[in-house]
There are 2 protein chains.
Amino acid sequence: MTTGVRRRMGVEERKQQLIGVALELFSSRSPDEVSIDEIAAAAGISRPLVYHYFPGKQSLYEAALRRAADELAARFLEPPQGPLGARLLRVMGRFFDFVDDHGPGFAALMRGGPAVGSSTTNAMIDEVRQAAYEQIVAHLGVAEPSPRLELVVRSWVSLAESTALLWLDGRRVPRAELEQKLVHDFAALTAVSAVYDEQAARVLTAILAEEPADGPFAELVGRLLALAPAPGVPAQPAR
Amino acid sequence: MTTGVRRRMGVEERKQQLIGVALELFSSRSPDEVSIDEIAAAAGISRPLVYHYFPGKQSLYEAALRRAADELAARFLEPPQGPLGARLLRVMGRFFDFVDDHGPGFAALMRGGPAVGSSTTNAMIDEVRQAAYEQIVAHLGVAEPSPRLELVVRSWVSLAESTALLWLDGRRVPRAELEQKLVHDFAALTAVSAVYDEQAARVLTAILAEEPADGPFAELVGRLLALAPAPGVPAQPAR
């Protein structure tokens, strides 16, 4: 039921359409498996016309990744209000929304490989990691992170990535649980580094101080204290 | 002070020599920056002769990576004796030895990119990750890991990778501290998942039960209990 009149798109509009079509296809199959022919067909234009806008698959792929990277970085933005645990949990919810929406494209990208690994794509991935790092640091209220606190935050960002990738491979654990687990992991990794670093200790103290009794960190600490016997004391044998 | 007589090497011996020379060069500069000419010069043979043994830089690179991957996987082998914390700490020591010895090559490889990212190299990296995963699981005394315990171990392997990469970038934290921190991180991540998963809880209980009072986990728990106020209780304000 169309009018038969196809409106001519401007250059920028057409490019944006092609990027959207590509991202849609990459959400169900790896970019390796998606051809320019399929992208052309899905956009309702000819293959040569796709090449008119994007000189090769790599340039279309990079443009699609640019849009996805900007979108992902934006999901780490969170108002600096309320307990940190709740803020991080909202960020993780939006992160998993993104991973859920872009599954195969996200997995292919993070795993690298011939079709997706280039200096340009690696630089974009690093930009997103950097944006995530800066957002988290801003929430910690730390102007100049110590090398150890920097390591906690950056390695936690990488933990979130690898957890999402492992989740995509079979989805055997509910994502809501993993979102909460990653917030707990953040507290746990900060706690470990608090042993080595005064700044990490201050962050941990501040996190726990502003945490409501029903917040995610409080729940974790309560359950752990109930679970863990004092070290050196014989516990129940593993079943 | 040579005799002037150069012994002819057999094919396999020459290949192994070239792999060794390449790994040596990759230990101080990224494979991107090392030319076949340099490898030929360092091995004392002509460039065409290098191509006789390896048809291109990629094939020499992959052979070098094969040797390095086998060597790295072997470092995760550890006798199943003594407390788990001490075992993991020895493994981390050998892992950081490797990272230290192969710095720029390791970093280039893990970061991917045009010269180093291919299906072959990615498959080799995944093999090493899998070997590390299987070794750790074997030490936990678990025949069939639950999805959540699998996630803990695999994501910890990825945490060890990213921590090593961040360390290589400036070496601002002593490596001995990071080796210990990663063992603590393992306990902390297991503890978080123990809240969600009975198998992880059993592993945590077993770890703590066999831990000597002066072991790495016991030290962590003691320091944390001293540090963390009860949640919901106002703590010292962050300085």
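Each chain gets a letter, A, B and so on, in the order the sequences are listed, and its residues count up from 1. Since the structure is predicted, the reported quantities are computational estimates derived from the model, not experimental observations.
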From B:Glu161 atom CD to A:Ser158 atom OG, the distance as rounded to the nearest 0.5 Å: 8.0 Å
Between A:Arg154, A:Gln199, A:His184, the one whose heavy-atom pairs under 4.5 Å with chain B are most numerous: A:His184
Greatest number of heavy atom pairs closer than 4.5 Å to chain B - which of A:Ile125, A:Ile207, A:Val173: A:Val173
Residue A:Ser146 versus chain B: region with a heavy atom under 4.5 Å: neither
Structural part of A:Gln180 lying under 4.5 Å from a heavy atom of chain B: both
Euclidean distance, B:Asp185 CG relative to A:Trp156 CH2, rounded to 0.5 Å: 14.5 Å
Considering all heavy atoms, the nearest B:Val192-A:Ala188 contact: CG2-CB, 3.7 Å
Side chain to side chain, A:Lys181 and B:Arg148, heavy atoms closer than 4.5 Å: no
Separation of A:Asp197 CG from B:Glu177 CD (nearest 0.5 Å): 8.0 Å
Under 4.5 Å from any heavy atom of chain A - which part of B:Glu210: neither
Contact leader toward chain B among A:Thr163, A:Leu165, A:Leu151, A:Asp126, where contacts are heavy-atom pairs under 4.5 Å: A:Leu151
